[in-house]
2 protein chains.
Amino acid sequence: MAKNTEKRHEALRTTLVEIAERHVRQEGLSALRARKLAAEAGCAVGAIYNVFNDLTGLVLAVNGRTFHRLGAHVSGAVSALGDVEPTAKLVRMGEAYLGFAVDNPLLWRALFDVEMSSDTDVPDWYMTELGQLFAIIAAPLKELNPVADAQQIDLMTRALFSSVHGIVLLGLERRISGVPQDRIEHMIGFMVRGAVSNGDAHAKV
Amino acid sequence: MAKNTEKRHEALRTTLVEIAERHVRQEGLSALRARKLAAEAGCAVGAIYNVFNDLTGLVLAVNGRTFHRLGAHVSGAVSALGDVEPTAKLVRMGEAYLGFAVDNPLLWRALFDVEMSSDTDVPDWYMTELGQLFAIIAAPLKELNPVADAQQIDLMTRALFSSVHGIVLLGLERRISGVPQDRIEHMIGFMVRGAVSNGDAHAKV
DNA sequence: TTAATGAAATGAACGGCGTTCAATGAGAAA
DNA sequence: TTTCTCATTGAACGCCGTTCATTTCATTAA
């Protein structure tokens, strides 16, 4: 019966994702080993390939969880603010993004370090998850720029997200930065406020 | 005699860097192979390890060149502008940075994708090269904020560089973006102008 | 109950990797 | 020429992700 098989597969998938997540969190993406995973999961090496195409598939599953938690963390931080001006929300989002990266450095890095063979390409849910994160950012931007059209908001959203991402990325990179964390927060506030004031004045992005 | 040996080593170093650079440019950092390099350089595999600690050392040498060209490209773009307002210079720098990344995507990515064992750590010239790039950015910022102290300028510099870097990084990442190149330029202009106007108003970063 | 059958799980084996180091060879010294 | 020194070499080492012939298991038919 195919039902039982699928159930076992699903269980193994979950187990593997949990183990892999722990490994990535503790040792980083590059320390992930098929044999180690199999040993810990109590299955054969080949079993991994019964439920995932390859290790990249497994990593994508881990990243899916991380992405989800990241989104929850950021939107949670905004909700906790209550009713404040949109700019404050955006700044808080950036800080929350930084906070997540600081608290989960290796899981966060794994989000961007997966190497995907161009044929397998990006899973749909990856884009969906990203879209939800973008939507959280877009909302305050719309409040600030009621006349901007969807495309303009989208560009501002991407620009803001990318900027904050860049600041966090290079800020946490020991080899480039050495900047203490509170300075990184200042940078985020600086760029976000700048972008907002700019977007207000010149609606044309 | 140790002199001849050192000469041969130097020659091999150069040869290897040139070959490695071509490989990274064409196939990407992850396609670099010790055996392939040795075959093309006409030397033994072990010879690589006579002149570099490991492949990472070779990649760092490649990155040194790339970094240098990147700096020249950016500062060249600014020089070509002649005497214009500092903001225009900063925007042009960002665009030049984007241009370099678009023209040398794999070499540019390699700058940030090297994995370094924390013990080997970053070579000094790496930081020097980065400092020079930062200095190019800091100059117009000083013009715009004559009263800001060195630390404030430094933070603005890092924030701006990181933001532009983030925009370029995610903009060129097919899996996240799909944004056409001229839109990326708009984003850069948007963020740079925002940061500048902000820095002007609130000198306190 | 047993035999037959097809699917699922297994792990040794494969090809490839970066790196090492005993063996080789070339050049200087005697 | 012979000895000695040290740079060079490439086969070998210990890993890696992935595969696939073989085994194991579950289900059905007799």
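Everything numeric in this text was worked out from a predicted model, so none of it was measured. Letters A, B, ... mirror the listed sequences (proteins, then strands); counts begin at 1.
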Selection from D:dT9, C:dG18, D:dA7 that lies nearest to any side-chain heavy atom of B:A47
D:dT9
Report yes if a side-chain nitrogen or oxygen of A:H9 is closer than 4.0 Å to either non-bridging phosphate oxygen (OP1 or OP2) of C:dA8; otherwise report no.
no
If you look at every strand shown and take non-hydrogen atoms under 4.0 Å, does A:L32 touch a base, only sugar-phosphate, or nothing?
sugar-phosphate
In whole Å, I'd like the distance from the CG atom of A:L55 to the C1' atom of D:dT18.
9 Å
Give a yes/no answer on whether the side chain of B:R35 brings an N or O atom under 4.0 Å of OP1 or OP2 in C:dT19.
no
Between B:R25 and B:E21, does at least one N-O distance fall below 4.0 Å, as a salt bridge requires?
yes
Nearest whole angstrom, please: distance from the C1' of C:dT10 to the CZ of A:R8.
13 Å
Is A:R65 salt-bridged to A:E129, cutoff N-O under 4.0 Å?
no
Option among B:R33, B:E18, B:K36, B:E40 that satisfies the side chain to side chain donor-acceptor pair (under 3.5 Å) test with B:H23
B:E40
Roughly, in whole Å, what's the span from NZ in A:K36 to C1' in C:dG11?
20 Å
Could you work out which one of C:dT20, C:dA9, D:dC16 sits closest to the side chain of A:R33?
D:dC16
Tell me: CD of B:E10 to P of D:dA7, nearest whole Å?
16 Å
Between A:N4 (CG) and C:dA9 (P), how many Å, whole number?
11 Å
State, with a plain yes or no, whether a side-chain heavy atom of B:M93 is found less than 4.5 Å away from one of B:P140.
yes
From CD1 of A:I48 over to C1' of C:dA12, roughly how many Å is that when rounded to an integer?
16 Å
Using whole Å, report how far CG of B:N53 lies from P of C:dT20.
9 Å
Atom-pair distance (CD on A:E115; C1' on D:dC16), nearest Å
15 Å
Less than 4.0 angstrom from a charged side-chain N to a carboxylate O is my criterion; do A:E10 and A:K7 meet it?
no
Let me know, please, whether B:Y49 or A:N50 comes out on the 5' side of the other along DNA chain C by nearest nucleotide.
A:N50
